[in-house]
Structure formats: structure tokens, C-alpha cells
*Asks:* 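Sending over a structure as C-alpha cells; questions will come in a sec.
Treat the numbers as computed from the prediction; the structure is a model and nothing was measured.
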Amino acid sequence: MTKEENEKRLEHLKGIVSRLPEKPGSYQFYDEDHTIIYVGKAKNLKSRVSSYFHAEVDRFKTKVLVSKIFDLSYTVVNTEEDALLLENSLIKKYNPRYNVLLKDGKTYPSICITNEYLPRIFKTRNIEKKGGTYYGPYAKVSVMYEVLGLIKALYSPRTCRQPITKEGIQSGKYRVCLDYHLKKCKGPCVGKQSQEDYQKNIAQAKEILKGNTRQVLRDLKDEMLKLSEELRFEEAEEVKQKYLALEAFVSSSEVVSHTINNVDVFSITSDEKMAFINYIHVSNGNVNQSFTIEYKKKLNESDEELLQLGIIELRARFKSDAKEIVVPQEINLELDGVKFTVPKLGDKKKLLDLSIMNGKQYKFDRLKQAEKLNPEQKQTRLMKELQDILHLPKLPYHIECFDNSNISGTDAVASCVVFKAMKPSKKDYKHFNIKTVVGPDDYASMKEVVHRRYTRLLDEEQPLPDLIIADGGKGQMEVIREVIQDELNLDIPIAGLAKDDRHRTNELLYGFPPLKVALKVESELFHVLTHIQDEVHRFAIEFHRNKRSKRALHSELDDIKGIGPKTRDKLLKALKSVKRIREADLETLTNAIGASKGKIIYEHFHPGE
């Protein structure tokens, strides 16, 4: 598109914008092929749409969107709520390229109560509204099965799939199935249970699925007392067992005060790319619905914008008529007859915290699911998390960690392990024999090793690490800092892993002077850091053991000039020990390893002869 064509396009659009009404409504942007690429809503159409064409628009994604707009249309409505509803409907219908993408959890199961003469109750993932009434969907399948199990235990609804009619029952068309003999069904198909009694049970099951368990409990109690007064004690006992079962279920599922009734709770958990909106509905003190949807961001949408969209979407989906909505922040949204509450304390704050927890858990579960399919995503997440908590200038892809090992200063060694993308890079591991330090001086040993390591990397022009981790506290960190910053004049971040009195790693240190970093010891990142620490321990101790073993196996034969390892091993194989070699005569030694080397050995052990 030429400059002249672009100017003509913008002039056309600004002409439309200048004629827009200052009323609430929804607007649609079209591309060159007249395909809807974005749908929005506004309290004031003229003000909102004109903001896209201001010269000072600095969002890159918004600039890209504006460059694709060739035409626009709008629909005026009476209220902002109507604008939201219309926007939501159009997004679902056209799925515009630059709108948030809703992933609505259609794979979650629901509970269906059919519209039959003798209704059935079962779980399903296929919603056919003409076939019955649906309750759900249930994000936690275990909760759905718990509710279904309770209903089956209380009311024994039929499980057979055959269509049963009133005429068929009267004509004796049906036969009882195995469930009747197992007492899992009361035989309504053959008139063993009246249609009136069956429908009464279904009505109570519906109330339980709606969350109105307290009303059901009151009805059961009234029925039990009535039967007792009529001296129908066996029937009263059956109702009592139902009452006790439902009461136990309610007491285990109730999480808030029963004074809270018909309240919606919404929360949002978001990052740069995704937003997760959790919805909880409370009825008669019980949480009877919890569901999370996710939006994929396209244009850096704010949390408030997405929360508004989520509230409209979820209330419409679950047909909520709650007159109070609990939210985590003030939002610029007005719904007819609905009050918005931002709680600070009390039961409603607990509900909001519960909603936030569910949203975060959903996000975590989706992240884990994605990381199973793409392990590199997990590594990147951990590196980004470490970068954020330490405020590092770049992603810590290359991490190195050092450790010393000695016993009372003998066989002193050190090791360096290298992790790349949070995984061990074993080909880059290094061992060091301590050369300049005498005695057990960990600080001096660390100083020597760090200096040798990075002097060599500089000389060989090898890449330097993005982060150095000291296996120890402030002392080890300071020693490394002296070498890195003061002696080599390098700018490499240094962290430390400090231990408690029980020699357990319990905190991450960073900065100079070193300060404790707020990182939970049970977090995944902390486990990775302690794995790095464990790995450097293992590598150092392994090298130290090997060195001790070699020294222990060193024999006097190794000190004889002219005698190599092969001759030594051959002689030990023949005579079994150094003592026998020392006591052997020249002929025996000559027979074992030859005349010249036999003479060297003999003269070493018998210097005066």
C-alpha cells in the first residue's frame, strides 16, 4: 500500500469516526477483504473508537491492528451491559483475529436430568438443551461423581435407557432389571414406585444440584416428622437415613457462612499472554459451582477489560441471576440491579481468596500440561523465574557452581559443575587439584580455583557464565566476588546457598552485602537450585575419593626409577606382595620380569650387595 493509499484509508476511517454517536454500543473493524478482525464495546462509541487513531498511540499491537483496518461499523445499544453482551456474542460468532481467544472448557462434564416421563440422571459432555436440564460443567470430576453418588444413594433414579411411557407402564410392557433386585432402583417402570413419588425425588435432586441443600434438608425433616406422627415408622426411618446422608454431605462441602446466599464471585489471574478467570457461585452457604475460563491475549488487554468480559460470559453461561458480585478490584461495569463488592475481611474475602486460589491452580495445571508436551518450556519458565527474583540483566542460561573437598587438608580438591538451561552439562564439569594452599583452608582453596577457572576461560575466549552460585553463605560469596570483580574485573552475578544449623540448605542469598531472597524452600525453583548444589557435592566428593584411593594403592615399586606400571603389575602378579619382592633373590626376579629390570629391583632393595 502506497503512502497516498494509506492516507486515503485513514481519511475514510476518520470520517466515519467523526460521525459516531456518543452512546454505548459495540464496534467492528474490517480488513481489506471486509472480514471482521476486531470487535469492541464502549460506553461512548465516538470517544473510544477515535482513540485508535490518535497519533500518540504507543502500543505496537494496537498500531498493527490500526494498519489492517479498512472499514468499521457499529451498533448502538441502551446500556453498557447490553454492549458487553453484544460484544461477547459477536466475538463468539466471528472469532476475530485480534480479539482475545476464549477457551471455554467444553470438554468438562455436566450432569443431565432428562425431560422424560421418568427422568434419568447421568454425566455427559454433550449438551443438547432440548433433551433435559444440565448442571455444571464440573472442572473437578471427583466433585461431580461425589454429587452423583449422593443422588443415587438418596433417590435411586433409574439407569436404564429405554424410553418409558405412562401407557407402557399401564399395559405391563416393561420388566424390572438387575438394579431393582440389587435395590438400586425402586421399579417405577412396573409401577412399584409411583410416578408422583419418583418426580418428587427428581425435584429434590434438582435442588441439590442447584446448591439448595438446606431447603432439601428442611423438606426431609418435615416429611420425617409427619411420617412419625402417622406412626409410619419404617418409612420415617428411610427418610431419616436420607436426611443424615445429605447432612453429612453438606457439612463436608460447606466452606462459607450459610448467611451468604445467591452470590457470584469472580477473580482473574493473568500473565503477559494469558488470563484465567475463575467463577464461583454460592447458594445457601455452599459453593455449588466453580469454573475457570482462559483468554489468550491479543492486544495487551487489561485485567479489568478481561474481567468484564468474563463476568458477562460466565453469568450468561450459567444463567446466574445473583444480585451481588464479589470481585478483586473496582471495575467500571454497571449491571441492572447488581451490586459489586470488593471485600477486605470476612467470609466474602475468604470466598474471593478461594476463587483466586482456584484460578492460580488452573493456570498451574495448564502450565504443567504444556510443559509435559514441551519440556523446554519448563526450563525457560524456571530461568525466567530466577531472573525475576534476582533481577538479573539477562536469562541465567549458563550457571556454574563450585565446591571444595578435603580431609584435614589432605588430598584437597575442588570441583565446578555447569548447568545450561537448568540441566546438567556434564561435558563441561571440571576437577581441580589444589596447588597453592596448605592445610584445610576452604576460602583460600575457593579463591585459587575460581581464579584459575575464569583466567583460563578468558585466555581461551570461552563464554562466561550468566550466574555463579557459591555452595555456602556470605563468606564463600565474598571470596568469589573478590576474584571476579576486584581481580578479574568481571561483571558476573553471584548467589549463595546457605545452610541452617542442621546443615540443610534453607535460603538463597544474593547481592553485596548478601541478603536473603524471598523464595519458598518447597518451590520448584528452590529444588532445582539444591539439585545444582547436590550435584557439585557429588562431583567433588567422587573426585576426592578417587584421589585418596590412588594414594592408598601407591606402592614402593612406584618410586623405583626405570620401573613402570606394567612391570610393577607383572611383578605383583607373580610374587603377590611387595614384602615377597623385597625378600626375593635375583634369579626369582629375573624369571618374573627379565634380567635387566630384575637387577634394578634387586639393587633397589639390596643397595649394599
*Asks:* Could you walk me through whether L386 and V528 pass the side-chain contact (heavy atoms from CB on, under 4.5 Å) test, one step at a time?
*Replies:* CA-CA 10 Å; L386 185 58; V528 173; over 6 Å; no

*Asks:* So, for F29 and Y52, is the gap between ring centers shorter than 6.0 Å?
*Replies:* yes

*Asks:* Apply side-chain contact (heavy atoms from CB on, under 4.5 Å) to the pair E207 and D219, showing each step before the final yes or no.
*Replies:* CA-CA 11 Å; E207 292 303 310; D219 292 344; over 6 Å; no

*Asks:* Contact between T133 and P119 at the side-chain level, heavy atoms closer than 4.5 Å - yes or no?
*Replies:* no

*Asks:* Could I get the full list of side chain to side chain contact (heavy atoms under 4.5 Å, CB included) partners for T159, not counting sequence neighbours?
*Replies:* D179

*Asks:* When rounded to the nearest 0.5 angstrom, what is the spacing between NZ in K394 and CD in Q387?
*Replies:* 10.5 Å

*Asks:* Just how far is it from atom CD1 of I36 to atom CG of N95, taken to the nearest 0.5 Å?
*Replies:* 11.5 Å

*Asks:* Taking everything shown except K152 itself, do over 12 heavy atoms lie less than 6.0 Å from its NZ?
*Replies:* no

*Asks:* Could you verify whether a donor N or O on one side chain and an acceptor N or O on the other, from N278 and S355, lie under 3.5 Å apart?
*Replies:* yes

*Asks:* Mind checking what makes side chain to side chain contact (heavy atoms under 4.5 Å, CB included) contact with S47, not counting sequence neighbours?
*Replies:* N44

*Asks:* Are there more than 12 heavy atoms of other residues, nucleotides or ligands under 6.0 Å from atom CD of E7?
*Replies:* yes

*Asks:* Does CD belonging to E32 count more than 12 external heavy atoms closer than 6.0 Å?
*Replies:* no

*Asks:* First locate atom CD1 of I111, then atom CD1 of I121, and finally report the distance between them rounded to the nearest 0.5 Å.
*Replies:* 8.5 Å

*Asks:* What's the spacing between F419 CZ and I532 CD1 if we round to 0.5 Å?
*Replies:* 5.0 Å

*Asks:* Any chance you could lay out the side-chain contact (heavy atoms from CB on, under 4.5 Å) test for Y279 and E313, step after step, and finish with the verdict?
*Replies:* CA-CA 10 Å; Y279 164 68; E313 163 68 28; over 6 Å; no

*Asks:* Can you establish whether the number of heavy atoms outside R97 located under 6.0 Å from its atom CZ is more than 12?
*Replies:* no

*Asks:* Kindly give the heavy-atom pair with the smallest separation between Y38 and P96, and that separation in Å.
*Replies:* N-CB, 3.6 Å

*Asks:* If you round to the nearest 0.5 Å, how far is CG of D466 from CG of L392?
*Replies:* 8.5 Å

*Asks:* Flag the pair N262 / D321 as yes when at least one side-chain heavy-atom distance between them is below 4.5 Å, and no otherwise.
*Replies:* yes

*Asks:* Identify the two heavy atoms, one from M477 and one from I494, that lie closest to each other, and give their separation to 0.1 Å.
*Replies:* CE-O, 3.7 Å

*Asks:* Which heavy atom of K344 sits nearest a heavy atom of K349, and at what distance?
*Replies:* O-CG, 3.6 Å

*Asks:* Just wondering, are more than 12 heavy atoms of other shown residues or ligands nearer than 6.0 Å to CD in E5?
*Replies:* yes

*Asks:* Please step through side-chain hydrogen bond (donor to acceptor under 3.5 Å, both in side chains) for the pair E294 and T292, ending with a clear verdict.
*Replies:* CA-CA 7 Å; E294 56 182 290; T292 303; over 6 Å; no

*Asks:* Nearest 0.5 Å, please: how far is CG in L10 from CD1 in I69?
*Replies:* 9.5 Å

*Asks:* Do we get R48 above Y27's six-membered ring, with its NZ or CZ under 6.0 Å from the centre and within 45° of the axis?
*Replies:* no

*Asks:* Should K360 and K363 be marked as a side-chain contact (heavy atoms from CB on, under 4.5 Å) after you check the CA-CA gap, both sets of side-chain angles, and the distance that decides it?
*Replies:* CA-CA 5 Å; K360 287 181 177 178; K363 177 185 177 184; 5.6 Å; no

*Asks:* State, to 0.1 Å, how close L529 and L497 come at their nearest heavy-atom pair, and which atoms those are.
*Replies:* O-CD1, 3.5 Å

*Asks:* In this structure, which one of D264, V282, V326 forms a side-chain contact (heavy atoms from CB on, under 4.5 Å) with L351?
*Replies:* V282

*Asks:* For K23, look at atom NZ and say whether over 12 heavy atoms of other residues, nucleotides or ligands are found less than 6.0 Å away.
*Replies:* no

*Asks:* Check whether any side-chain heavy atom of K68 lies under 4.5 Å from a side-chain heavy atom of Y98, and answer yes or no.
*Replies:* yes

*Asks:* Would you say that more than 12 heavy atoms from the other residues, nucleotides or ligands in this model lie under 6.0 Å from the CG of D388, or not?
*Replies:* yes

*Asks:* Where is the tightest heavy-atom contact between R9 and V66, given as atom of each residue plus distance?
*Replies:* NH1-O, 2.8 Å

*Asks:* Taking all non-hydrogen atoms of both residues into account, name the closest pair between K297 and M274 and its distance.
*Replies:* CE-O, 3.9 Å

